[in-house]
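One structure is given here, and the rest of the page talks about it.
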Amino acid sequence: MSADQASQSPAGALSKIETILRPHLTPSGSGAKATITLGTLSDLMEERAFGLLLLVLALPCCLPFVYLLPQLVALPMVVLAAQMAAGRRSPWLPETLRKRQLPVAGLLDVVARAKRYGGWLEQLAHPRFSGLTGDRSARIVGALLVIPCLSILVPLPLTNTVPGIGVALAAVGLIERDGLFVILGLITGLVWVAILVIGGPALIYFLVNFILDRGATA
């Protein structure tokens, strides 16, 4: 990459994603219906594709009142994390996932909202503890990311937002070579899943007993 190209390269992971997506909006006014396949998106991301893909897929899961997109991106996130754990250096997607259509306008809206509410957090990321983002460590990170990604895949309340934030933070860490962000993302996602696994059955047990007690006293 030349110095001139480097100076034009967008700073920050969210800006990189925005730069990749924006040319795929049609100028004819039908941009709201423009789509991009997951395979094309993966190919355009080139280096650091695992981090960028995980981030763009995790963002719809982080924000409230985003519908349909989380259901489209959950399975690819699991596949990507599993491939990191297997030691792949670049993503491979089966043809069924490569052909999955994602709405460009919807993704750009999610990126814009993420920049508005969390852009300041992204600016804190910079290279540090780089050993945690190297090839060997990436396998461990990928294996651990499978857990919050599986949580996002479960179509139940409270199973996607916080794990999505955890995956997004870890993805920013992978992109910016920031081991601290990777650690924060893993802790956020894994702790929340642990809370759901431990507290979920207890809450269901409490609610069932509460309903039965109310029914008995009625």
Tell me whether Trp92 shares a hydrophobic cluster with Val73, the cluster being built from Ile, Leu, Val, Met, Phe, Trp, Tyr side chains joined at under 4.5 Å.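 Unlinked, Trp92 and Val73 end up in two clusters.
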With hydrophobic residues grouped by side-chain heavy-atom distances under 4.5 Å, do Leu124 and Ile17 end up in a single group?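 They do share one cluster, since a chain of ILVMFWY contacts under 4.5 Å joins Leu124 to Ile17.
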List the atom pairs, with distances to 0.1 Å, where a side-chain N or O of residues 164-173 and a protein N or O form a donor-acceptor pair under 3.5 Å, not counting sequence neighbours.
none

Please tabulate, one pair per line, all N/O donor-acceptor pairs under 3.5 Å involving side-chain atoms of residues 56-63, not counting sequence neighbours.
none

With His24 as reference, evaluate Leu108, Leu44, Leu107 under the side chain to side chain contact (heavy atoms under 4.5 Å, CB included) test and give the passing residue.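 Exactly one option meets the side chain to side chain contact (heavy atoms under 4.5 Å, CB included) with His24, and it is Leu44.
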Given Ile152, Leu145, Ile147, Leu150, the one that forms side chain to side chain contact (heavy atoms under 4.5 Å, CB included) with Val78: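 The option that passes is Leu150.
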Before giving the answer on side chain to side chain contact (heavy atoms under 4.5 Å, CB included), spell out for Arg139 and Ser137 the whole-Å C-alpha distance, their side-chain angles and the decisive distance to 0.1 Å. CA-CA 5 Å; Arg139 298 186 69 167; Ser137 299; over 6 Å; no
Beyond-backbone contact of Arg100 with Thr96, side-chain heavy atoms, under 4.5 angstrom: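 Side chain of Arg100 against side chain of Thr96, heavy atoms only: no contact under 4.5 Å found.
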pair Leu38-Arg98: side-chain heavy atoms closer than 4.5 Å: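 SC-SC contact between Leu38 and Arg98 ruled out.
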Arg116, CZ: over 12 other non-hydrogen atoms inside 6.0 angstrom: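 Yes, because the 6.0 Å sphere around CZ of Arg116 holds more than 12 heavy atoms from other groups.
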Nearest 0.5 angstrom please: Ile175 CD1 to Leu54 CG, how far?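 That separation rounds to 8.5 Å.
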Would Leu52 and Leu41 count as a side chain to side chain contact (heavy atoms under 4.5 Å, CB included) if you check the C-alpha gap in whole Å, the side-chain angles of each, and the deciding distance to 0.1 Å? CA-CA 10 Å; Leu52 283 167; Leu41 190 59; over 6 Å; no
Once side chain to side chain contact (heavy atoms under 4.5 Å, CB included) is applied, do any residues pair with Arg128, and if so which ones, sequence neighbours excluded?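 Arg128 satisfies side chain to side chain contact (heavy atoms under 4.5 Å, CB included) with His126, Asp178, Leu180, Phe181 once adjacent residues are dropped.
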